[in-house]
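Written out below as structure tokens is the structure these notes cover.
Values reported hereafter were calculated over all heavy atoms of this structure, with side chains retained and with hydrogens, waters and symmetry mates removed. What you see is a predicted model, and the numbers here were worked out from it, not measured in a lab. Both ligands and their constituent atoms are indexed starting at 1 by order of listing.
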Amino acid sequence: MALAALVLVAAVLAVTVYLLLNKRRFQLTAKFPQPLLWLPGIGGLADTIYHYGLSGMAWCFGYYKRFGPVWGMWIGPEFFVITAVAEDIEAIVTSPAVIDKGKNYALIWPWLGDGLLLLGAKKWHARRKQLTPTFHFRILEQFMDVFTEKGVVLEGLVDGLVGKGVVDLRPYISRHALDVICETTMGTQLNCQLQEDSGFVQAVKVACKAVDDRHAYPWLRNDALFRMTRIAKEFYGALDIIHGVTKKVIADRKSDLTKEMKEGVLDADNNDEILGTKKRKMFIDHLLTMHLQGEDLSEKDIFDEVNTFMFEGHDTTMTSVCFTLFLLATHPEVQDRVAEEARSVGGTSTSAQLGELKYLEAVIKESLRLYPSVPLYSRHAHDEFKLPSGYTVPAGATLLINAYLMHHREEYFKDPSAFKPERFLSGSSEESSRHHFSYVPFSAGYRNCIGQRFAMLSMKATLARLVSKFRFLPDSADPKLDLDVQVVLVSKSGLPLVVERRD
Ligand code: HEM
């Protein structure tokens, strides 16, 4: 009895000290509209459980209706501030004080390590400066042949689907995206499109699914609990395969480049070319050249960057191409205009031709507005942070940028649920009057997407090729998308479409 009383007193004391030490934090969190106000852990959890019942991004609109465009939420011991206000987003992404990513990104650390996406502020600035030139237009130009080669394979596979009725095109688009990113990042032909059951394709699928599961089920976020599950076993097994490929490619390319350097074939002063050999230089070659020339970029850094490019550059483009095809299938007049424009530029094999596809670019941008591949992304607030919307974010909170909700707000986009590519044509009144930070599918400011130009080129090449050769039709008279976040935004039912040949 006495022991129980002692434990009780100790517990009350501990809670009191905790509350006193965190008084300011709790006062600030309480000011946010939020589910079940100020019950750390419990408030958010109860609501999260309720909202798991709401499919896709519907929960966003549910909260928006209740709280407006900014709200708070406890998930376990972590306080999240979620905002869909352009001024807030501008303040966050342009602030040197909130460069670090939210703690939730740790779930992908075993896969990506200290690559650019996850790198903390201390190292990020220097690494970003180092990597930016590898996305220079002149370098991307060299990838055009890869886009063409992989596009030809995809075209052949899609041609085989003509006359087959409703087919799910997503696996084809996904393996194509994987082929493109493997070759442009590692210079390796894994031929995922032709070998759909390859160990690598399966490993990427398993690893992505495990990351999704950890996001979806909060108890799996705990490392100790996760490691006890079957999912963890499969996840680490899949990582062994993916990392094994990366390691081998790095070792092979390093040995080739070292030889070329010794033989004087690799020109150290002009490292955009491998002289004499006319070899295409992929991302990995640029990174290894920096390494071999003594820059501060270790083999482990290259390993992490290659894994990061592969991860960031695959599902993001895949899902965006899928949503765009869905929108084109459901808007045949837009699809015909895209086909006409693609035919009028005479091909898709040069970046100059792709540059002329202004309407297609507007279509992709509008598709990324309605269905941003990365609908939410986060930052860690080490210190208190004042938002222009009037709230003060407490130190230690996670800031969630809600690009999806912002892109659907009437305040920024007239008739927001309508698919209107004209919004993004230069000179349109909406384009010129919109708040600069109200459209952020690639994020903005410091940690914006380093691969956005690459992504745009690659998506344009794929879509222009497909739409100029085929006509895509919806699977029913009233096609619907059932959205889900599986690391990236996806449609749960894939991309069921009917394919016809265009004459
Ligand atoms: C439609 C395609 C894509 C979309 C919508 C997209 C979107 C984004 C977004 C929203 C971020 C910021 C994430 C955050 O703050 O946590 C980001 C970062 C990043 N993206 Fe992309 N991305 C795409 C394609 C690519 C491609 C093709 C690559 C590489 C080849 C790539 C590489 C990266 C990297 C390395 C970062 C981290 C940048 C940094 O922190 O400095 N992305 N991307």
Side-chain angles (χ1 to χ4, degrees), residues 89 92-95 98-109 112-121 123-132 134-136 139-140 143 146-147 173 177-178 180-186 282-284 286-287 301 304-324 361 364-380 398-404 406-407 437 439-463 485 487-490:
I89 286 157
I92 296 166
V93 297
T94 57
S95 165
V98 276
I99 295 278
D100 280 336
K101 297 292 171 81
K103 288 183 192 158
N104 51 330
Y105 285 60
L107 301 182
I108 40 176
W109 191 86
L112 310 188
D114 289 328
L116 197 63
L117 182 73
L118 304 184
L119 212 54
K123 286 188 172 174
W124 175 82
H125 288 279
R127 182 71 59 79
R128 175 83 188 212
K129 211 169 149 196
Q130 223 170 6
L131 296 191
T132 297
T134 59
F135 285 87
H136 189 277
I139 287 172
L140 299 185
F143 299 155
V146 179
F147 298 155
I173 306 294
L178 209 48
V180 168
I181 203 70
C182 279
E183 176 126 20
T184 50
T185 301
M186 303 197 286
M282 300 301 159
F283 283 129
I284 195 168
H286 293 284
L287 303 182
D301 295 335
D304 290 342
E305 292 307 345
V306 168
N307 287 319
T308 297
F309 288 1
M310 297 276 298
F311 174 85
E312 267 294 304
H314 158 231
D315 266 359
T316 45
T317 47
M318 174 283 288
T319 203
S320 177
V321 168
C322 286
F323 283 122
T324 309
E361 187 162 322
I364 297 172
K365 284 182 175 169
E366 175 68 341
S367 165
L368 278 167
R369 179 185 71 82
L370 286 165
Y371 307 111
S373 311
V374 189
L376 296 139
Y377 36 91
S378 73
R379 297 285 182 276
H380 181 74
T398 301
L399 280 153
L400 266 187
I401 294 169
N402 196 339
Y404 180 83
M406 189 167 61
H407 290 180
F437 288 81
Y439 177 72
V440 285
F442 291 104
S443 185
Y446 283 108
R447 297 201 79 154
N448 68 351
C449 175
I450 199 171
Q452 59 184 292
R453 268 201 301 198
F454 171 100
M456 226 355 143
L457 270 184
S458 138
M459 291 190 294
K460 274 176 145 184
T462 310
L463 287 161
V485 183
V487 182
V488 292
L489 189 69
V490 293

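Minimum heavy-atom separation, Met459 to Leu368: CE-CD1, 4.4 Å. The two residues Ser443 and Val93 make their nearest non-hydrogen contact at OG-CG1, 4.1 Å. Here the closest heavy-atom approach between residue Tyr439 and residue Met406 is recorded as N-CE, 4.4 Å. Counting all heavy atoms, side chain and backbone alike, Leu400 lies closest to Ser378 at CD2-CB, 3.5 Å. The shortest heavy-atom contact between Leu118 and Trp109 is CD1-CA, 3.6 Å.
Residue contacts with ligand 1: Trp124 is included, with a non-hydrogen atom under 4.0 Å away. Heavy atoms of Glu305 come nearer than 4.0 angstrom to ligand 1 in no pair at all.
Neither the backbone nor the side chain of Gln452 comes within contact range of ligand 1; no heavy atom lies under 4.0 Å. The side chain of Phe454, and not its backbone, has at least one atom closer than 4.0 Å to an atom of ligand 1 (non-hydrogen atoms only; side chain from C-beta on). If you look at Glu312 next to ligand 1, the close heavy atoms, those under 4.0 Å, come from the backbone and the side chain alike. The part of Asn448 lying near ligand 1 is the backbone, judged by heavy-atom distances below 4.0 Å. By the criterion of a heavy-atom distance under 4.0 Å, the side chain of Tyr105, and not its backbone, is placed next to ligand 1.
When Thr316, Val374, Thr184 are checked for heavy-atom proximity to atom 23 (C) of ligand 1, Thr316 turns out nearest. Counting heavy atoms only, Gly313 comes closest to atom 26 (C) of ligand 1 of the residues Ser458, Gly313, Gly115. In this structure, of Arg379, His125, Arg447, the residue bringing a heavy atom nearest to atom 15 (O) of ligand 1 is Arg379. Closest to atom 11 (C) of ligand 1 by heavy atom, among Pro441, Ala177, Cys449, is Cys449. For atom 37 (C) of ligand 1, the nearest non-hydrogen atom from the set Leu118, Leu457, Leu117 comes from Leu117. Residue Phe442 holds the heavy atom nearest to atom 4 (C) of ligand 1 of all those in Tyr377, Phe442, Phe283, Tyr371.
Not a single N or O atom of Ser320, backbone or side chain, sits closer than 3.5 Å to an N or O atom of ligand 1.
Of the possible donor and acceptor atoms, none in the side chain of Arg379 sits under 3.5 Å from a partner among the backbone N and O of Ile401. Here the side chain of Ser320 pairs no donor or acceptor atom with the backbone of Thr316 at under 3.5 angstrom.
The aromatic ring centres of Phe454 and Phe147 sit less than 6.0 Å apart.
Near Met459, with a cut-off below 4.0 Å to any heavy atom, the atoms of ligand 1 are 1 (C). Close contacts of ligand 1 with Ala455, meaning ligand atoms under 4.0 Å from a residue heavy atom, involve 2 (C), 24 (C). Close approach of ligand 1 to Arg128 is summarised as follows: ligand atoms under 4.0 Å from at least one heavy atom of the residue are 38 (C), 39 (C), 41 (O). Close contacts between ligand 1 and Ser373 involve ligand atoms 1 (C), 5 (C) [criterion: under 4.0 Å to a heavy atom].
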### Task
Kindly indicate, with the supporting measurements, whether the criterion side chain to side chain contact (heavy atoms under 4.5 Å, CB included) is fulfilled by His407 and Val440.
CA-CA 8 Å; His407 290 180; Val440 285; 4.2 Å; yes
### Task
Determine, stepwise, if the pair Leu287 / Leu131 fulfils side chain to side chain contact (heavy atoms under 4.5 Å, CB included).
CA-CA 8 Å; Leu287 303 182; Leu131 296 191; 3.4 Å; yes
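Nearest to atom 14 (C) of ligand 1 among the protein's heavy atoms is Lys101 NZ, 3.3 Å. When only non-hydrogen protein atoms are considered, atom 34 (C) of ligand 1 lies nearest to Ile450 CG2, 3.8 Å.
Salt bridge status for Asp301 with Arg127: present, with a side-chain N to carboxylate O gap under 4.0 Å.
No side-chain N or O of Asn104 forms a donor-acceptor pair with one of Thr398 less than 3.5 Å apart.
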